[in-house]
Each structure stands twice: as C-alpha cells, then as structure tokens.
Amino acid sequence: MSELEGVFLEKFFLEPGSEGTIGSVSVDDDVLIEILGATDLADLRKRFVGELLRISRLKALLAGEYPPFSGRPPDYLRILMFVCWMQTSKVREEDDTDFREMLGRHTGINFVGALMRGLNPMWEHLQAYLAKEHGIDLDLPGIHPHSQIGRTLRIAFPTLRDKKAFRRLRQTIGAHKLLDPVELSRAVNTARDLVTETMPSFSYKFRLFDRSWKRGGREYMETTFWKAWYAFVAEYTALEELEIVRGDFGDHELFRVSPSGERKALRGPEEAQKFVPEPIARAIRNGAVLMEDLGWGRSRATRAYESNLILLRRSRLAECDEGAIVSYDNINTQWVLANFRNRAASDARTPSSRRTIGWRDGIRVGGAYLGRSPFTPILSLPADVAGMVSLGGNEVEMEAVPNGVAFPRGTYSGTVTARASGQILNILLVPKAVETPQNRRLTFDRFRDIGEDQFYRGTAPSLDNVLNPWPGERVPTCDEMTNIGEALYARTARGLAFVDALEIIRRGLPQRVSAPREWDILRTFADAGWFDLTLVRNFPARKLLQRAPTLRVIGTDAIVIDGPTPIALVERIETAASAAGEIVEIQSGVSQWSLPRVVVRTGDRNRQRDFVERIGFPEQETKVRAERKNGDEHDAHGYHVVARFDEQGGFFVSNFDAEMSQGLYRLERNEGKKPFLYRSVVAGGKAENFASPSIAILSHHARMRRQLFRYDGRVMVAAAPRAALPSSWAQWASSRTACNAGAMLRGGMWVYAYPLGSDEVSLLSGLVSIERNDGNGTRWIDRFTASASNGGRAIFDGRAGKIRRAGSALGKSI
C-alpha cells in the first residue's frame, strides 16, 4: 500500500468506520486539496490524475484481468477514490453523464465500451479487509442494473442525481428555512418519489443526519448529508460567518466558518466578503465590523449586536476620539481588533430570540457525552422559554449562560431529561472518557506530520534506563486539569486541531482566579507524553495526535507507565496490577497544574512479567542520543514575512516587511498552502530556517547568546521568553524522575517548571545553557563553560569535584 493510499484508507474508511457502518463514500474536493497539497481545483485534478496514471496496467486492472489477492492490504484505493471523486467533484459538468467518457476525459485513455469488471472485486476485497483487520462493516450497494459500474455509481455521494434531489428540496422548503434541520428532515420524509432505489448513498447519508439532529445539539452539522446540503444552498445564499481566533503565541487568525462548523483560513477580511451576509460584507467594505465576543479568545462578526469590540481598518484609527479605544491587537498590516470603552447604544434592531431547543457543545464519548462540567452539554432555550432538567428523577439546578442553561461545576452520570415547551430531550452522561483501541488511534506519520520537536523528535540526552524519583514537594493534580485531560483524551483519538484543543483548555480553566496560559497547559500534556504536537506537512495547520500508552521496565523493582493516563486507563492498570499481585503508585507532579505519573512496583521478575502480559502495553521505543543541530540554511525562496517574534513579550506580532534585519520571523509560502517557516537572522551569522516555532524560538535565543534556563536545585525554569525544552527531552526527564512538569506560581507570576535532579541537569547542560544555583558548581565557572568563546577549554571545579569543559552548554546553536 502506497503512502497516499494509506491516507485514503484512514480518511475515507477508518475515520468514518469508527462511528459505525459505512454505507457511502464522500470524496470531498477540499479534503483532497489538503491531502495532495494542491493550490486549487485545476491543480488538484492535475495531481490526482498524475497519481492515477502512475498505476501500471490501469486499463487491465479496471477490466478485471488482475483481481486483488485475498489477505493482502488494498493497493487500488487510488482507483476507487478517483472514480468516486470524478462523480462528485465541482469539476464535473452538468452534461458529464457517461461514466466511461468521464474517466477517459480525465486520463486521456479511451474507455468507451471498455470492460469495468475490475471495480466490483476491488470493492468486495476492501469490504473483507476492513471487516477482518479493523472490524469495520462496509455496506456495499447492489451491482444491478449496471453489473460492472452500478455499485460504483451508487456508493459515491453527492452525485448529479443527489443534487437534482437537492434542487427539488430547495423548491419544497421555504427560502428562510433552508438551514432548519427540522424542515429539511420533514421535506425528505414526506416528499413522494424524492429518494429512489437507485440512491442508496442518499438514503444512508440522510439516515445518519436524521438520527443525529433528533438526538439534539449541533452534531448534525458534522454529517456529510448536512455539509453537502449546505454547500448546495450556499451557491445561492451567503451564510458563512467571519471569526477571529487568538493564536498560540498571542497573535490572531482570521477564519470564515460555515454553518457546519468548517473553518477556512483568511489573509484578510476582504476575502470573506462574498461568503458572508451582505450587511457584514458592507461593513467590511466600510472598514468597521462589529464583533461579538464569544469568549476563550474568539469573536464573531455580527450585524445587530452592540459591542465594544470592532474589527477596524487601521486607517480609521485616526477618526476615533482620544481615549475612546482601551486597547487594540494587530490582525495584519491593514486591520486591527479594537476594544472601545462603553459605546452608546445603537438604534440597530436586536436579533430575534427565537432558537431551537436542544443540547449543544458537549464532548462526545461514544453514544454519550462527557459528564464533567464545564464540558457537559448546554441546553439551548429561546429567551421566553423555561426548561427543567432532571438526572435520575431529581431536578438539577442549572446555571444561566448565554442562549441557554448549563450544569453547575461537578461530575454527572446517568440519563438526563430536559423538558421545555412541550418537548422532551434525553441524553446520557458518563463521568470519564473511554479507552481508545489501538486500531482507532490516528498515529504520527512522518510522511504526513512534522513533530513540534522537529529534528529532536525521538531523541534523549541519555539512553540509560534509570529511575531517580524527584525529592521535591509534589502537589496533587487539580480538578480542572483532570477535566481538561478527560475532554482532550475523548476528542483526540483521530487527531484534533490546535485551535479546538486550546478552546477546550480555555473552557476548562477557572474564570475568576488566576490560571496558567492555555499554551502552557497544552505543553504540560505534551511533556507528560499524552499527545504529539504536530504540524501538517502539506498545509498550514497544527494538530494534536494521541500517543499510545507504553511501559518501561526498571530492573525487577518497577515499571513506569508512559503516555496518556486518563481515569479509565489508570483503573485498568490498577486492576491488572492487583491481579498480578503488584502495587500501583500515583506520583503527583510539580504543581496542581501538572499531571500524575503511574509507577507499578514489582516484587520479582515473574510477577513483573505477569503484569506486562496482562496489561498488553508495548515497551517504550528506543530513543536516539540527542545532539545539537542547526536549522536549514536555504534562502527561503517563495516565502514572504508575515510576523516577527517579540523577544521581550514572547509572541509573534504582525509584520510584513520585505527586509529581515536581526530577529526571528514567521514566513508564509506565497501560495499559502504550505506550513509556516521560521527564519532566525543573527548579525554575523547565516540565517537558519525551522519548521517548528518552539525549536525556532529556542534556537534563536541560543544564537543570540542568551541564557536559556535557570536551575535552583529543585526545578528548572526558562530564563528567556517562551524558551521550552523539546517535548521528547521533557518526557525523558519526567520518566527518569517520575514527576511531570507544569505551570506554577512564583512571585505572583506563572512560570513553567521542570522538576529535575542534579544528574538530569548535568546531562541537559550538554545541550542547552543552564545557569545552576544548586550548590553543585561554582557560578563563575558555570558562566565560563556556558560561553561559546571558551569552546574546547577545560577547568577544574573544586565545588563540583570534577573537570568541566567549555562548549558543553548551548552556544551558537541548539
């Protein structure tokens, strides 16, 4: 199976198969553009056809002369995905009605009258493979009346036949109710002859949508049927929203968001004008767009909402009265997000308070929802409607929130019943996330992903297998951190976008007391081994990938568990340990905002082996010894500057200067379809480029001869803004000390602290510069050995009792 076909298998079969039976295949243009790294539809067609024509004997394969071998993985997915895509893509013309002619027009091969006996064996082989290897049921349509291509014609969605049905639906439903799921369901269920026997994919996708909206909430917006219906309606009506999201490093990102929740990144508000309603498009043209504050760093354009937050063209700042603006953030060179003092009430009409009653914004756990507030679902209610919520027959005192009511802080389990306006809505809440099976977890793929650690991924300062428990004061994990962990674990089995992960963290943080930054919380989970922080290799996006649990055997005395440890997994570890006669220790971290480590204490080799067999975790992969590395030195041709690192504040600010003087810059590919590049420019040295922002920041500080970290004998903290160890090294340190890193308060300021012993600091000091104040070395000798100008020189440190060599600390590069 080729790399591309592995991606196809994951995206179009394993992901939807994790939700149940697959009865249809939807190969979306936008998804393929991302997978193939195309710039537009024309480029997508060119690349996809090129991938198809790489298959030797293509015509013979389609004719059935070389059927797939039983027991082998599918090596024909390019063919199946292409023939599905050509029926549903926007490149298909209305008069493209002949399957063979379409295929021939794309490939340049004459298929008129050709046999297509190879397609059905491919589908049947794929069906058997998915059932055997992944436990996924692929429900194939029948092969009649067109025995060679009938199944292929009817498994794709949405085809021209489906769009004709959408056209009839649009005529049936009123113009103002096109995006009302109740009206859509009613129209399909009551229209005669709308859905025929030749449309099994339409029926299957509609059933998924119909069942989803009836459960309540907004999950129906994620169904393929709704997305296809919205795309059809959007051709006639501009219904998208303009949204601003605070980025990872204090910057801001612009998106247009469809009613189905799909985000499209924008370079400026002007790009959204033809997709948003006309009043908002007009406000963009006028240079002042009212923004509704959605909380958690998000805001949305609105046309009838009085707000102190305005997306303002920079040139209009001079029109504002002195003192009217409290503060503003740069969006790009032309726009700012301005926060005004209390503005006079507008004469604009207020929006209607009429809304649908239903559950929304919950974290799905299988067929239930996570019952840990604030991640429990919210009951949406119109302004003039009161609702009652009961759990186990007892009424719950709900808290009022915008557009509905929410559960108070706490953990809930059982069936919840909501009654409002004559309606009854039931959902099931569970108190914890469920363990992710190995075959349902989307794993790191070096061909598809770039690790946040970049070239330090999978490396460690030493390869010895020891356990040196940290002797400092440990603090139990707070409830907020536990809740965030359960929510993130439940959402990351198939990967999760960074913006969504940060939104979950913001939602879980306490609102009225001081708390760490969202980015530090996310790094805590990465440094504890729960997730891989990654960048998508062929697209400017970042995501979390859930790691698999592993173990590390320490002699005959202990087994250290690495990876995510949600409540369900800890309970299974405790059960297996008890059966093997072992004891489980939950080792708290450096602060209440760190995560616990799990250590299994073993008495002898036999019981140790018994536990390993019972739990079934693989042993931790062997790491490579870490070495200092430089960034690439190419000239970054084809990129332009979009931001510059604020070396005092520790975040990126908008900057579009063509000239790059000394500093760290974020560069964007000119066509905007590749990941960002981070370029470190230092006087007297060659510019170096990095894919990872974290490694770029760490390396740039080092190239500027800045001290990176300080160690006081118990914990190590950053000495330079935003400096952080690569997660692979933090995981190595945590595994040795059985203590996870985390944010802690020092002098009223939040700092990110690594709990380390003297041995760990000595090993790390060969890779990064560390100022030691632990009494194990002489301070002026620490500075001497940290200086790159003394590289290669040695000196005896009487206090440490050893010869120390300069250049072991980080000098020119990391």
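Looking at P549 and L569, their side chains come closer than 4.5 Å, going by heavy atoms from C-beta outward. In this structure, I615 and L551 have side chains that are in contact, with non-hydrogen atoms separated by less than 4.5 Å. Counting heavy atoms from C-beta outward, P566 and K432 have side chains that stay 4.5 Å or more apart. No side-chain heavy atom of M481 sits under 4.5 Å from any side-chain heavy atom of Q592. A 4.5 Å side-chain heavy-atom check between R746 and V717 finds at least one atom pair inside the cut-off.
Using a cut-off of 4.0 Å between Lys/Arg side-chain N and Asp/Glu carboxylate O, D562 and R547 are scored as not salt-bridged. One finds a salt bridge joining R517 and D520 here, because a Lys/Arg side-chain nitrogen approaches an Asp/Glu carboxylate oxygen to under 4.0 Å. In this structure, R506 pairs ionically with E518, as a charged nitrogen and a carboxylate oxygen lie closer than 4.0 Å. Ion pair R703/E688 flagged as a salt bridge, since at least one NZ, NE, NH1 or NH2 atom sits closer than 4.0 Å to an Asp/Glu carboxylate oxygen. Salt-bridge formation is not detected for the pair R448/E3: no Lys NZ or Arg NE/NH1/NH2 atom is positioned less than 4.0 Å from an Asp or Glu carboxylate oxygen. Salt-bridge annotation for R372 and E486: absent, with no side-chain N of the basic residue lying under 4.0 Å from a carboxylate O of the acidic one. Using a 4.0 Å cut-off between charged side-chain N and carboxylate O, D610 and R607 make no salt bridge. Using a cutoff of 4.0 Å between basic side-chain nitrogens and carboxylate oxygens, E585 and R601 are scored as salt-bridged.
Between the side chain of R679 and the backbone N or O of L667, no donor-acceptor pair lies under 3.5 Å. Here the side chain of S692 pairs no donor or acceptor atom with the backbone of Q454 at under 3.5 angstrom. The backbone N or O of P726 lies less than 3.5 Å from no partner atom in the side chain of D453, so there is not a single donor-acceptor pair. Under a 3.5 Å cut-off, the side chain of Y639 and the backbone N or O of D635 do not form any donor-acceptor pair. With hydrogens and angles disregarded, no donor-acceptor distance shorter than 3.5 Å links the side chain of R625 to the backbone of A460. S728 places a side-chain N or O within donor-acceptor distance of the main-chain N or O of G458, the cut-off being under 3.5 Å. Side chain of T459 to backbone of Y456: a donor-acceptor contact under 3.5 angstrom is found. Under the 3.5 Å distance criterion, the side-chain polar atoms of T550 are left unmatched by any main-chain donor or acceptor of P618. Side chain of D449 to backbone of D445: a donor-acceptor contact under 3.5 angstrom is found. Panel note: side chain D632, backbone H634; no donor-acceptor pair is recorded below 3.5 Å.
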Evaluate the side chain to side chain donor-acceptor pair (under 3.5 Å) criterion for residues S462 and D464: first the C-alpha distance (whole Å), next the side-chain angles of each, then the deciding distance (0.1 Å), finally the verdict. CA-CA 6 Å; S462 73; D464 50 347; 2.5 Å; yes

For S735 and R552: C-alpha separation, side-chain torsions, deciding distance, then whether side chain to side chain donor-acceptor pair (under 3.5 Å) applies. CA-CA 9 Å; S735 188; R552 185 167 62 95; 2.8 Å; yes

Passes side-chain contact (heavy atoms from CB on, under 4.5 Å), V466 versus I554? Steps please. CA-CA 7 Å; V466 299; I554 311 294; over 6 Å; no

Would F690 and F676 count as a ring pair (Phe, Tyr, Trp, His ring centres under 6.0 Å) here? Give the steps. CA-CA 9 Å; F690 303 86; F676 293 124; over 10 Å; no

Report the C-alpha separation of H700 and E647 in whole Å, then their side-chain angles, then the decisive distance to 0.1 Å, and conclude whether the side chain to side chain donor-acceptor pair (under 3.5 Å) test is met. CA-CA 10 Å; H700 180 71; E647 298 181 2; 2.7 Å; yes

I'd like to know whether S765 forms a side chain to side chain donor-acceptor pair (under 3.5 Å) with R772, so could you lay out the CA-CA distance, the side-chain angles of the two residues, the decisive distance to 0.1 Å, and finally the verdict. CA-CA 10 Å; S765 64; R772 299 183 62 156; 5.2 Å; no

Apply salt bridge (charged side-chain N to carboxylate O under 4.0 Å, His left out) to the pair E452 and R457, showing each step before the final yes or no. CA-CA 8 Å; E452 181 78 18; R457 175 180 164 79; over 6 Å; no

Evaluation steps, side-chain contact (heavy atoms from CB on, under 4.5 Å), between F709 and L725: CA-CA 9 Å; F709 298 97; L725 288 178; 4.0 Å; yes

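Nearest heavy-atom pair, W519 versus R542, reported as atom, atom and distance to 0.1 Å: CH2-NH2, 3.7 Å. Smallest separation of non-hydrogen atoms from I573 and F611: O-CE1, 3.8 Å. Summarising the geometry of T737 relative to G757, their closest heavy-atom pair is CG2-N, 4.5 Å, with the distance given to 0.1 Å. E582 and G603 get closest at one heavy-atom pair: OE1-N, 3.5 Å. Between R474 and S588, the shortest heavy-atom distance links the atoms NH1-O, 2.9 Å. Residue A753 comes nearest to V590 through the heavy atom pair O-CG1, 3.9 Å, listed as atom of the first residue, atom of the second, then distance.
The number of heavy-atom neighbours closer than 6.0 Å to CD1 of I583, taken from other residues, nucleotides and ligands shown, is 12 or below.
In this view, S734 and R597, N740 satisfy the side-chain hydrogen bond (donor to acceptor under 3.5 Å, both in side chains) rule, not counting sequence neighbours. With sequence neighbours left out, the side-chain contact (heavy atoms from CB on, under 4.5 Å) criterion links P516 to I521, W593, A743, W750. Every residue two or more places apart in sequence or in another chain that forms a side-chain contact (heavy atoms from CB on, under 4.5 Å) with T492 is listed here: L496, F531, L544, Q546. For V513, the side-chain contact (heavy atoms from CB on, under 4.5 Å) criterion is met by P510, not counting sequence neighbours. Partners of W732 by ring pair (Phe, Tyr, Trp, His ring centres under 6.0 Å), not counting sequence neighbours: none found. Partners of Y752 according to the ring pair (Phe, Tyr, Trp, His ring centres under 6.0 Å) rule, which considers only residues two or more places apart in sequence or in another chain, are Y754.
Using cut-offs of 30° and 60° on the angle between ring planes, the pair W530 and F525 is perpendicular.
Residue F645 forms a ring pair (Phe, Tyr, Trp, His ring centres under 6.0 Å) with just one option from Y665, F652, F651, and that option is F652.
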